[in-house]
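Let me begin by presenting the structure, written as structure tokens, before commenting on it.
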Amino acid sequence: MVTITLMKQNTYEETSLRQKIEDIFQFHFDKGNPIRPGDIILLKPNLLSASSPEKRITTDPAIVKTAAKAVLDRLGKPVIGDSPGLDRFPSVAEKTGMKAVADELGIPIVELTDPIPAPVSSSARFHRIDLARLALEADLIINLPKLKTHAQMLLTLGVKNLFGTVVGQQKASWHYNVGLNRDLFAELHLDIYQALPSSFTILDGIWCMEGHGPGNGTPRFLGLLAASEDAVNLDIAISRILHATPESFPLYRAAERRNLIVSSPCIFFTHDTPESFAFNDFDIPHLDSLHLIPAFLDIFSKRFLVSRPVQNPDLCIRCRKCEEICAAHAVILDSNGKLHFNYNKCIRCFCCQEVCPNNAIEFQKGALLKLMDSFKK
Ligand code: SF4
Ligand code: SF4
């Protein structure tokens with residue numbers, strides 16, 4: 001039986017939020033697998049970049065703070081940790097409000113470093129994955145994702161948030177190795193999820209991001225908290241609430257291939273039901289159907305069919321962050337401030353769009369997506 005808690009929660013105000021997080025802890029931990037005194041608990045928020053909480057790019061500090069307090073009440077040892085993809089850790093910790101939380105509670109906040117081989121199962125798609133030592137050695141990971149859209153993977157929720165346990169630039173290497181193939185990327189996310197020690201996910205869906213997530217979308221209020229030991233089925237439940245079609249969600253396809261998806265009567269919702277949330281206007285990105293393109297058409301499809309990054313010169317401030325993040329070395333800024341993309345090398349990982357501080361990289365629809373759009377009209 002998979003148990004998923006869904007709760008309406010309209011505010012990050014501490015007293016109100018604390019009550020809800022405490023309910024989650026009492027229901028899922030105190031009755032089941034209690035946190036033991038002295039347990040090392042890694043609190044893993046989404047700390048994508050050095051952004052203020054109001055931008056809704058990162059997990060709200062109030063969620064991290066109330067979860068940390070609940071761990072401290074049970075005499076566990078919380079540690080806030082992540083390996084941000086885009087900015088330096090001290091600046092991320094400061095701007096996202098996480099350092100203030102750590103200082104107030106007197107708990108450590110650390111950058112996830114020291115990659116070691118994870119114990120991937122023999123049935124995993126990838127047989128060598130290095131993850132941060134702390135993530136592998138903690139007694140429990142409390143996974144604290146932000147609900148956001150994702151230009152490459154449709155949505156970033158619980159499972160995707162654990163990709164943050166891959167250390168630093170190794171993330172870019174994975175993007176590069178896995179390339180255009182979203183299904184393979186989703187398989188990697190599942191391998192990481194399954195290789196980590198026990199994790200418990202509490203999803204920050206109070207204020208979210210829709211549209212051009214995960215870094216350049218629009219804040220959207222949903223008033224939702226969700227929690228489960230099973231991040232896969234939690235993510236799928238949330239994708240249904242948001243009216244994302246299963247075939248458009250790479251994680252769904254990967255989970256289905258592994259027989260991980262549970263349905264009624266083996267799934268139990270506590271507090272609220274999925275039907276009590278009606279978000280049929282959530283702005284979800286349209287992804288190219290890359291999984292439908294045969295491998296031998298790879299170069300052709302990259303060039304002509306799928307969406308490709310383009311510069312908006314009016315917004316570009318010439319910071320070169322896109323150039324620095326690009327693992328494929330597919331973008332160069334010239335001395336006139338013009339970006340040159342090599343679309344044969346570009347793996348459409350969307351990292352340049354994520355890292356751009358001024359929303360100056362747009363993805364121009366490829367012929368395939370335009371064709372699909374025309375069928376929808
Ligand atoms: S140009 Fe952008 S989308 Fe293309 S590989 Fe580089 S970072 Fe990824
Ligand atoms: S990251 Fe954005 S603003 Fe900076 S150079 Fe690239 S396109 Fe321009």
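Read the numbers this way: they start at 1 and go in the same order the structure lists the ligands and their atoms.
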inquiry  = Counting non-hydrogen protein atoms only, what is the nearest one to atom 4 (Fe) of ligand 1? Give residue, atom name and distance.
reply    = C346 SG, 2.3 Å
Ligand-residue contact atoms, ligand 2 with I361, heavy atoms, under 4.0 Å = 7 (S)
inquiry  = Among all protein heavy atoms in this structure, tell me which lies nearest to atom 7 (S) of ligand 1, with the distance rounded to 0.1 Å.
reply    = C352 N, 3.4 Å
query = Regarding K171 and S83, is there a side-chain donor-to-acceptor distance under 3.5 Å anywhere?
reply = yes
query = Which residue, R258, R125, R253, forms the salt bridge (Lys or Arg N to Asp or Glu O under 4.0 Å) with E187?
reply = R258
task = Report yes or no: does N358 contribute a side-chain atom to a donor-acceptor pair with the main-chain N or O of L315 at less than 3.5 Å?
result = yes
ask   = Relative to the heavy atoms of C316, which atoms of ligand 2 are at a distance of less than 4.0 Å?
value = 3 (S), 5 (S), 7 (S), 8 (Fe)
query = Is a donor on one side and an acceptor on the other found under 3.5 Å between the side chain of T58 and the backbone of T96?
reply = no
inquiry  = As an exercise, identify every atom of ligand 2 less than 4.0 angstrom from a heavy atom of R320.
reply    = 4 (Fe), 5 (S)
ask   = Which protein heavy atom lies closest to atom 5 (S) of ligand 1, and at what distance to 0.1 Å?
value = I347 N, 3.4 Å
message = Students often mix this up, so state it plainly: with edges at 30° and 60°, are the rings of Y343 and F341 parallel, tilted or perpendicular?
response = parallel
task = Examine C322 and say whether one of its N/O/S atoms is closer to atom 8 (Fe) of ligand 2 than 2.8 Å.
result = no
remark   = Closest non-hydrogen atoms of P357 and K321, given as atom of the first, atom of the second and distance, are CD-CD, 4.3 Å
key: Minimum-distance protein heavy atom relative to atom 2 (Fe) of ligand 2   = C356 SG, 2.4 Å
query = Any idea which atoms of ligand 1 are less than 4.0 Å away from a heavy-atom of F350?
reply = 3 (S), 8 (Fe)
